[in-house]
Amino acid sequence: LHKFEELCTVIASNVLELRQTTLKAHGTRHVKAVFWNVTSLANLSSPESELKLRKVAGLIRRGPVFLAETKWDATGAARAAMALPGTRVFHSPGIPKGDPDLAEGLGTPDEAKARSAGVAAFFPSDSFPDNLRQEEIVPGCAICISQPLQGLSRHWIVVYFPPSQERALL
């Protein structure tokens with residue numbers, strides 16, 4: 001855990017330094033973003049998930065929205081994008097808990113119990129050009145969304161490590 005804290009400190013320091021350099025060099029505006037641990041969105045047609053997606057739809061008007069613990073399967077991002085037109089969705093599917101056949105499941109309530117983690121990033125299409133790119137850092141737990149920016153790049157990193165799996169994943 002101590003090494004993880006050190007890593008976070010180094011990353012935060014580098015992010016602040018890059019932010020200051022970018023602002024001075026290019027006058028880049030600040031981007032407001034929201035991070036939310038949604039607990040589960042595996043079954044996007046459930047009343048709870050529909051309510052959470054309505055909340056995301058409201059938040060996305062102000063900037064990117066990052067979600068943790070989506071518990072999505074491989075089709076989760078496409079289904080969410082259909083539910084939220086005008087939104088670009090990036091994700092890393094949740095980690096199957098034992099049964100590898102769940103990797104392509106339908107997002108049922110039983111599947112939500114059979115998956116952990118999963119992260120997603122929502123960007124409003126009208127404010128962010130098509131040049132956003134995703135890199136999966138840790139499957140099911142961490143993604144980086146990058147945007148080239150006048151010779152530099154802007155990066156958003158979405159991270160969620162299930163408490164019971166932190167040691168194994170780090």
Side-chain angles (χ1 to χ4, degrees), residues 7-8 11-46 48-95 103-105 107 112 115-162 169:
L7 177 63
C8 287
I11 290 172
S13 175
N14 288 337
V15 167
L16 287 175
E17 183 179 321
L18 178 61
R19 182 176 154 258
Q20 291 171 348
T21 303
T22 303
L23 287 171
K24 286 179 185 174
H26 303 289
T28 305
R29 67 178 178 88
H30 293 279
V31 175
K32 292 184 180 184
V34 173
F35 183 90
W36 181 17
N37 183 334
V38 292
T39 308
S40 180
L41 281 174
N43 182 358
L44 287 172
S45 60
S46 75
E48 296 86 7
S49 292
E50 288 177 359
L51 182 64
K52 291 174 185 178
L53 284 177
R54 281 197 298 275
K55 180 77 171 168
V56 169
L59 293 169
I60 197 86
R61 287 183 238 153
R62 292 181 233 149
V65 177
F66 306 117
L67 303 181
E69 235 183 329
T70 61
K71 299 182 183 179
W72 284 344
D73 62 16
T75 65
R79 290 183 287 133
M82 286 190 299
L84 296 170
T87 302
R88 301 189 62 213
V89 184
F90 301 89
H91 88 295
S92 181
I95 304 165
E104 300 300 324
R115 289 185 171 277
S116 66
V119 292
F122 293 75
F123 289 84
S125 298
D126 60 348
S127 302
F128 289 87
D130 292 336
N131 65 348
L132 294 175
R133 300 288 174 254
Q134 174 182 326
E135 180 180 343
E136 191 171 54
I137 301 169
V138 178
C141 297
I143 59 175
C144 177
I145 309 303
S146 301
Q147 177 186 25
L149 188 67
Q150 300 176 1
L152 297 173
S153 291
R154 177 184 288 164
H155 303 280
W156 292 273
I157 300 174
V158 186
V159 178
Y160 173 77
F161 292 116
L169 292 169

* Asked: Which pairs count as side-chain hydrogen bond (donor to acceptor under 3.5 Å, both in side chains) when at least one residue sits in residues 52-65, sequence neighbours excluded?
  -> none
* Centroid-centroid under 6.0 Å between W156 and F90 rings -> no
Looking only at non-hydrogen atoms, find the nearest pair between [X] and [Y] and report the distance.
X    : Y    : result
P93  : E136 : CD-OE2, 4.3 Å
V89  : A77  : CG1-CB, 3.8 Å
S146 : H155 : OG-ND1, 2.7 Å
Q147 : L132 : CB-CD2, 3.5 Å

* Roughly how far apart are L67 CG and F122 CZ, rounded to 0.5 Å? -> 5.0 Å
* Structure fact -> Value for CG (L41) from CD (E69), rounded to nearest 0.5 Å, stands at 10.0 Å
My understanding is that only residues two or more places apart in sequence, or in another chain, count here; which of them pass side chain to side chain contact (heavy atoms under 4.5 Å, CB included) with [X]?
X    : result
A142 : I137, V138, V159
R133 : none
A57  : L84

4.5 Å side-chain heavy-atom contact, [X] and [Y]:
X    : Y    : result
P64  : S127 : no
D130 : R88  : yes
W36  : V56  : yes

* Derivation of the side chain to side chain contact (heavy atoms under 4.5 Å, CB included) call for V158 and F35 -> CA-CA 8 Å; V158 186; F35 183 90; 3.9 Å; yes
* Can you name the residues that form a side-chain hydrogen bond (donor to acceptor under 3.5 Å, both in side chains) with S49, not counting sequence neighbours? -> S46
* **Qualifying residues under side-chain hydrogen bond (donor to acceptor under 3.5 Å, both in side chains), relative to S45, sequence neighbours excluded** => N43
